[in-house]
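Atoms within each ligand, like the ligands themselves, are counted from 1 in listed order. All values below were derived from every heavy atom in this structure, side-chain atoms included, with hydrogens, water molecules and symmetry-related copies excluded.
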Amino acid sequence: MNEYEIVIVGAGPGGSTAAKEAAEKGLKTIFFERGRTPGEKNSSGCGLGPRLWREFDIMKEINSKDCPSIREGRAARNYMVDSEGKVTGYIMTTPTSSVEYEPAKSWITLNCYRSDFDPWLAKYAVEAGAELKTSTLVTGLLKEDGKVVGVIDEKGEKYKGFVIGADGAVSMVAQQSGLRQRWGQKQVTLTLQYDFECSTSKIDDVMGDEALAVWWSATFPAAYQVFFNSSFHIGFGNWMTWWDRNPVHYLNKVINLDYFQRLIRVLDAKPREFQAHLLPWMGMPVNTHTDNVILIGDAGGFPCPLEAEGIYPAMVTGRAAIETAAEAISACDTSKQFLSLYDKKWMETSVGEDFKSGPELQSIWMALPFSPRQSMSWFVPLFMEILGGIIDWSEAHPVRIRQVARRIKQYLPQLVPFIVKEVIPLLTSVLGEDRMDLLTDPEKLLTAMPEIEEAITKAFTSEEED
Ligand SMILES: Cc1cc2nc3c(=O)[nH]c(=O)nc-3n(C[C@H](O)[C@H](O)[C@H](O)COP(=O)(O)OP(=O)(O)OC[C@H]3O[C@@H](n4cnc5c(N)ncnc54)[C@H](O)[C@@H]3O)c2cc1C
């Protein structure tokens with residue numbers, strides 16, 4: 001029997017962060033990875049969010065020598081694709097002036113391959129003193145009197161200690177500890193993507209800083225594109241809500257767009273790999289711990305309830321789990337009851353903030369961009385009419401304005417129910433029913449801004465107060 005204080009299943013971003021934090025606290029720690037190296041078994045690439053740099057000092061050390069796939073996503077293109085499959089416009093976005101810290105002011109995401117990032121992160125845990133066992137599948141939980149006391153690997157080797165389930169979306173630890181059966185269909189999303197290779201210089205020339213893109217359309221769910229140093233991904237994220245056909249059918253619609261094909265030609269890009277992964281996507285994680293066990297990252301259902309950003313939540317919950325486990329071990333109480341401290345800890349982080357406000361915003365999110373047939377079919381032409389219609393030389397401007405207004409009128413049957421069902425309830429919950437008159441009076445609105453700001457904060461924290 002191998003005795004440890006902390007036994008971590010999985011060396012993804014969550015597992016490696018937990019291993020590093022545990023080793024730094026002087027806890028005897030082992031972490032297991034079924035791949036030959038961390039990152040080998042994961043989706044090939046990701047965008048790392050700037051909150052990681054704000055809260056994890058090691059992120060400042062990431063560099064293109066250790067992680068050659070790195071590319072900064074300083075700007076994002078938002079392509080509008082009409083129901084005929086034509087790109088009718090695109091808007092480029094960059095970090096806005098309300099962003100408060102570096103590097104969030106400079107870029108939206110730092111794009112990086114997991115085969116670079118995961119080993120880079122795991123190295124810090126090993127340097128801190130954690131033992132990493134790769135090419136080792138953990139197949140079961142070790143139990144005494146029905147309680148989890150450790151893990152068993154595929155060779156039958158036993159490891160005793162406090163168990164951290166960092167084993168991703170299809171978590172063995174979650175299922176064998178009784179915290180969860182398989183995910184329900186509404187708790188997960190299927191993320192599928194193609195990986196294309198192309199030269200660094202072509203991406204520099206064609207895309208420049210615009211290393212991110214979202215393709216919004218009425219004929220497929222919103223598709224994301226992420227550029228790395230010499231490759232890119234095109235895929236569907238947490239927005240895949242159509243299950244009437246094989247999702248690959250819809251992904252192929254994206255890459256078969258004339259505009260996309262042109263992009264492939266100018267980039268001289270070659271398809272390299274197809275990937276499909278499950279990703280938890282929940283309004284609120286539940287059952288995150290039991291006696292002697294804590295789930296972190298995807299295993300616990302922590303990807304952001306809006307955009308399914310998952311690396312940052314995995315690392316934050318990895319840290320919170322170890323803080324909790326260390327306190328539990330020193331109090332000689334690793335009971336489920338004591339470990340509820342874990343929920344308190346992660347709810348106090350920025351990950352908890354996201355979950356507090358998730359449900360209201362998720363509702364709008366799902367209603368507009370991610371119900372392509374119901375809403376993007378009118379939103380794309382409406383938006384393009386407003387954007388492109390006024391600056392047009394086909395007629396005298398007053399004539400054009402009348403034409404645009406007449407066209408917009410056609411979309412009112414879709415627009416009005418959307419406003420009534422989605423926008424007004426959100427505004428009412430924030431402002432209060434009796435203050436809706438503020439919306440029609442700019443002067444009153446300005447003077448009421450501090451009050452509105454307070455109401456927004458209160459609305460999004462009401463769950464905690466309840
Ligand atoms: C296609 C796709 C794109 C994504 N893009 C982004 C993005 O751009 N930005 C972002 O922030 N998030 C992104 N995410 C989400 C993000 O990848 C996850 O939320 C994040 O990786 C979760 O980290 P984790 O450590 O909890 O789990 P994982 O990264 O899944 O790591 C779990 C590790 O455990 C190992 N493992 C599993 N079972 C066992 C076992 N029994 N024994 C031993 N080892 C085991 C696995 O091999 C793996 O290395 C994306 C997800 C997908 C699928």
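Checked against the 6.0 Å centroid threshold, F260 and W215 count as a close aromatic pair. Aromatic pair H233/F228: ring centres closer than 6.0 Å. For W281 and W183, the ring centers are positioned 6.0 Å apart or more. Note: Y250 and F220 fail the aromatic proximity criterion, with ring centroids not under 6.0 Å apart. Aromatic rings of W53 and Y101 (six-membered ring for Trp) have centroids beyond the 6.0 Å cut-off, not under it.
Checked by atom type, the side-chain pair D291/S335 shows no donor-acceptor distance below 3.5 Å. Between Q193 and Y224, the side chains place a donor N or O and an acceptor N or O closer than 3.5 Å (distance only, hydrogens not considered). If you check the side chains of D195 and Y113, you find a donor sitting under 3.5 Å from an acceptor. Using modelled atom types and a 3.5 Å distance limit, the side chains of Q275 and Y194 yield no donor-acceptor pair. S106 and E102 are linked by a side-chain donor-acceptor pair at a separation below 3.5 angstrom, with hydrogens and angles left out of the test. Defined by atom type and a distance below 3.5 Å, a donor-acceptor pair is missing between the side-chain atoms of D153 and T136. Side-chain contact check for S199 and D268: no donor-acceptor pair (N or O, by modelled atom type) lies under 3.5 Å. Defined by atom type and a distance below 3.5 Å, a donor-acceptor pair is missing between the side-chain atoms of E323 and Y342.
Protein heavy atom nearest atom 25 (O) of ligand 1, with residue, atom name and distance: G14 N, 2.9 Å. At the shortest separation from atom 41 (N) of ligand 1 among protein heavy atoms lies V138 O, 2.9 Å. Atom 26 (O) of ligand 1 has as its closest protein heavy atom D298 N, 2.9 Å. Protein heavy atom at the shortest distance from atom 31 (O) of ligand 1 is G12 CA, 3.5 Å. Nearest protein heavy-atom contact of atom 29 (O) of ligand 1 is R114 NH2, 2.6 Å. Counting protein heavy atoms only, atom 27 (O) of ligand 1 is closest to G168 CA, 3.7 Å. Scanning all protein heavy atoms for the shortest distance to atom 14 (N) of ligand 1 gives A308 O, 4.3 Å. Closest to atom 3 (C) of ligand 1, if we only count protein heavy atoms, is S43 OG, 3.9 Å.
When only interatomic distances are considered, the shortest N/O to N/O separation between E33 and ligand 1 falls below 3.5 Å. Any N or O atom pair closer than 3.5 Å counts here, and G47 shares at least one such pair with ligand 1. For G35, no nitrogen or oxygen atom sits less than 3.5 Å from a nitrogen or oxygen atom of ligand 1, counting backbone and side chain alike. Among the atoms of H277, none of the N or O lies under 3.5 angstrom from an N or O of ligand 1.
Within ligand 1, the atoms closer than 4.0 Å to a non-hydrogen atom of L137 are 40 (C), 41 (N), 42 (N), numbered from 1 in the order shown. Atoms of ligand 1 found under 4.0 Å from any heavy atom of G297, numbered from 1 in the order shown, are 26 (O). Atoms of ligand 1 lying under 4.0 Å from at least one heavy atom of D167, given by number and element, are 32 (C), 34 (O), 37 (C), 38 (N), 39 (C). Distances below 4.0 Å separate heavy atoms of A166 from the following atoms of ligand 1: 32 (C), 33 (C), 34 (O). Ligand 1 places these atoms under 4.0 Å from at least one heavy atom of K41: 47 (O).
The closest approach between any non-hydrogen atom of T136 and ligand 1 is below 4.0 Å.
Between Y79 and Y90, the ring planes lie tilted relative to each other; the angle falls in the 30° to 60° range.
The proximity of P38 to ligand 1, defined as any non-hydrogen pair under 4.0 Å, does not occur for either the backbone or the side chain. The backbone and the side chain of R34 each have at least one atom closer than 4.0 Å to an atom of ligand 1 (non-hydrogen atoms only). The parts of I311 lying near ligand 1 are both backbone and side chain, judged by heavy-atom distances below 4.0 Å. Looking at Y224 against ligand 1, only its side chain comes within 4.0 Å, counting heavy atoms. Of the heavy atoms in V9, only side-chain atoms (C-beta onward) come closer than 4.0 Å to ligand 1. If you look at P13 next to ligand 1, the close heavy atoms, those under 4.0 Å, come from the backbone and the side chain alike. Contacts between Q193 and ligand 1 below 4.0 angstrom, taking non-hydrogen atoms only, involve the side chain exclusively.
One finds a salt bridge joining E348 and K344 here, because a Lys/Arg side-chain nitrogen approaches an Asp/Glu carboxylate oxygen to under 4.0 Å.
Taking each of A18, G45, G310, A276 in turn, the one with a heavy atom nearest to atom 20 (C) of ligand 1 proves to be G310.
Judged by the 6.0 Å and 45° rule, R51 forms no cation-pi pair with F56.
Within a 4.0 Å radius of atom 33 (C) of ligand 1, the protein contributes one or more non-hydrogen atoms.
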